[in-house]
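To start, the structure under review is shown below, and the notes come after it.
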Number of protein chains: 2
Amino acid sequence: MIVRQAVNVLEILEYFARVKKPATLAEIADHFGWPRSSTFNLLTTLAEKGYLYEPRPRAGYYPTPRWLVMAREASDVEPLPDWTHALISSLSTETGETVAIAAPAGVMAVFIDVVESSAAIRYFAKVGHRVPIHATSSGRALLLQYAKDERDSLYRKIEFKQYNHTTPISIDAVEAELRKSLERGYCQSFADYSRDLAGVAVPLPIGERRLSVVVAGPEYRIGDKTAAIAVTLQQAVERFRAK
Amino acid sequence: MIVRQAVNVLEILEYFARVKKPATLAEIADHFGWPRSSTFNLLTTLAEKGYLYEPRPRAGYYPTPRWLVMAREASDVEPLPDWTHALISSLSTETGETVAIAAPAGVMAVFIDVVESSAAIRYFAKVGHRVPIHATSSGRALLLQYAKDERDSLYRKIEFKQYNHTTPISIDAVEAELRKSLERGYCQSFADYSRDLAGVAVPLPIGERRLSVVVAGPEYRIGDKTAAIAVTLQQAVERFRAK
DNA sequence: CGAATAAATTCACCCATATGTACGATCGAC
DNA sequence: GTCGATCGTACATATGGGTGAATTTATTCG
């Protein structure tokens, strides 16, 4: 069950991150199509907790830096080593595509770090973006690090949906793809989940953590270059991990 | 009206900021005394929105760096100039007390930047901390920048409570204190709001924004040094503003 | 390996809460 | 100053959502 008011808090945070301007109650209410009264309650609550403030009445709400202070401390929970960001940054330059580090989140994979391609046509992904673990290259690079029985218990929770015509829609199909990935030495996906999107990924275990790196972009650019990209990927990982 | 689930989201954020460790559903539920089922709903929601993830099932939830990304961007809404942090940092060293920058938030003043004293006994304040605008030195340094009619409309909203025996509990008392502050050239408060706490503050207008700087600490340390502290304060402001 | 224990997840019901409505404050136009 | 329009705030009410109990899933220990 989705907790609506929890989502609303996040939407307000994201709203300010997007517009980067103070906003009045009316603006926010209109933007989200929320009733004024509800918006009032929510904004008041955030203000009472010290996350918003109003420089002067009717001049709009500002987020306080408290978000930043809290987020900074909370994100130290399990910081990635410095070289991982350098790695994806370098890979993005080399390949010209969007590169991300993914981590497991139940039946999904979350991107915990992303460097976007600078190309006009590119994979548009953000930190926190989630994709099905079984239907994406980044996800399958995570699954490769699971023991068989761990995968099995995951499979039971997956709802196999036909996102696209190449989507694997059974446990067997996924397992088969994993075997193929092992043979070829890297994971790949051609629009298994998102239309027109292709990805090349490899596992990236760091300490106890099972992560993966993925290079992703439009099918027509990745196309037959998967093997070359995989080599670039693996070499970069070795290079940066050494440091 | 307080939106409970909104508060809960913030509490979870603050929880992770405090403990800096992954936490399981059960731990979080027990910590807050929330029912498991409700906690489940909330954590699932945050996970779905990409703010939490579970590296492996039952190993607990981690915050994703998405908090950081969003908070960083949202904090650009009205960034303070760089010199203000240097200012309070320097002042904290000079005075040995906690120093903060305050902004108006309705009938309250919010701290939007804080450098805490390193003394064992000190004013314990955080970014986002809120205090009544009329019963604190930082707040009154804000009120000094209001026009009379703006103050009047604020006064109507204030609920005058006797926080302590020196708390001004009428409009006249507040206005009298503001006049005294003008004469002496700075604002002060001796436990008007918080027991044992004394503060010295001056206005800090930046562009259109009305802010204030406050040096605060235990009454016995601030005591008769208010005039000296005020001088230090004013000189520091001049020095840093010039840059 | 199997039973006991603990944790996670689901679900239906009832109550707390989000909202419609009304009121008051403020602002801008003339 | 006066009026109209707009925005913010208070409150009662119906209904969406939180919770307790039941069920399923995982983990621990004999």
Side-chain angles (χ1 to χ4, degrees), chain A residues 1-12 21-48 52-62 104-108 146-159, chain B residues 1-12 22-49 52-62 104-108 146-159:
Chain A
M1 175 190 284
I2 289 303
V3 181
R4 196 130 65 81
Q5 292 291 28
V7 174
N8 292 350
V9 170
L10 302 175
E11 303 235 287
I12 286 190
K21 269 190 306 188
T24 64
L25 190 154
E27 279 171 350
I28 296 176
D30 292 348
H31 175 84
F32 291 108
W34 296 340
R36 292 260 164 106
S37 48
S38 316
T39 309
F40 173 74
N41 291 335
L42 189 51
L43 293 180
T44 313
T45 302
L46 292 177
E48 291 235 333
L52 293 178
Y53 70 109
E54 335 147 60
R56 38 203 307 187
R58 296 168 182 263
Y61 289 85
Y62 292 37
V107 299
M108 307 291 270
Y146 281 51
K148 181 72 173 74
D149 59 337
E150 288 179 303
R151 286 206 301 279
D152 284 337
S153 69
L154 243 189
Y155 290 147
R156 261 173 273 139
K157 296 184 186 159
I158 293 179
E159 191 197 348
Chain B
M1 173 190 282
I2 289 303
V3 180
R4 196 132 63 84
Q5 293 292 28
V7 174
N8 292 350
V9 169
L10 302 174
E11 302 234 288
I12 286 190
T24 63
L25 190 154
E27 279 171 349
I28 296 176
D30 292 349
H31 176 84
F32 291 107
W34 296 340
R36 293 259 162 111
S37 49
S38 317
T39 310
F40 174 76
N41 290 337
L42 190 52
L43 293 180
T44 312
T45 302
L46 292 177
E48 291 238 333
K49 289 285 287 176
L52 293 178
Y53 71 108
E54 335 149 57
R56 40 200 308 186
R58 298 173 177 260
Y61 289 87
Y62 292 38
V107 299
M108 307 292 270
Y146 281 51
K148 183 70 173 75
D149 58 337
E150 289 179 303
R151 286 205 302 278
D152 284 337
S153 68
L154 242 189
Y155 290 147
R156 263 173 269 140
K157 297 183 186 159
I158 293 179
E159 191 197 347

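Everything numeric here is computed off the predicted structure, so don't read it as measured data. Numbered from 1 within each chain, the chains take letters A, B, ... in sequence-line order.
- You'll find a donor-acceptor pair under 3.5 Å spanning the side chain of S37(A) and the base of dG20(C), going by distance alone.
- OP1 or OP2 of dT19(D) lies within a sub-4.0 Å distance of a side-chain N or O belonging to R4(B).
- Put simply, CG on L154(B) is 12 Å from P on dT9(D), counting in whole angstrom units.
- Side-chain contact between Y146(A) and L154(A) is present, with at least one heavy-atom pair separated by less than 4.5 Å.
- Taking 4.0 angstrom as the limit, R36(A) places none of its side-chain polar atoms (N or O) nearer than this to OP1 or OP2 of dT19(C).
- One finds a salt bridge joining K148(A) and D152(A) here, because a Lys/Arg side-chain nitrogen approaches an Asp/Glu carboxylate oxygen to under 4.0 Å.
- Taking atom CZ on F32(A) and atom P on dT19(C), their separation rounds to 13 Å, with Å as the unit.
- Between E54(B) and Y62(B) the shortest side-chain heavy-atom distance does not fall below 4.5 Å.
- Rounded to whole Å, the distance from CZ on F40(A) to P on dA22(C) is 19 Å.
- Backbone-only engagement by T24(A) is indicated by non-hydrogen atom pairs under 4.0 Å involving sugar-phosphate atoms exclusively.
- In this structure, the CG atom of L25(A) is 5 Å from the P atom of dG8(D), given to the nearest Å.
- Side-chain contact between V3(B) and V9(A): absent, with no pair of heavy atoms (C-beta onward) separated by less than 4.5 Å.
- Under 4.0 angstrom from either OP1 or OP2 of dG18(D) there lies at least one side-chain N or O belonging to Q5(B).
- One interatomic measurement links the two molecules: CG of N41(A) to C1' of dG20(C), which rounds to 13 Å at whole-angstrom precision.
- When the nearest nucleotides of DNA chain D are assigned to P35(B) and Y61(A) by heavy-atom distance, the more 5′-ward of the two goes with Y61(A).
- Mapping S38(A) and E27(B) onto DNA chain C by nearest heavy atom places E27(B) at the nucleotide closer to the 5' end.
- Atom CD1 of I2(A) and atom P of dT10(C) are 12 Å apart (whole Å).
- The separation between L42(B) atom CG and dA8(C) atom P is 15 Å, rounded to whole Å.
- In this entry the distance linking CZ of R156(A) with P of dA8(C) reads 17 Å, nearest Å.
- With Y61(B) as the partner, the side-chain contact (heavy atoms from CB on, under 4.5 Å) test is satisfied by one option alone out of L52(B), L46(B), T24(B): L52(B).
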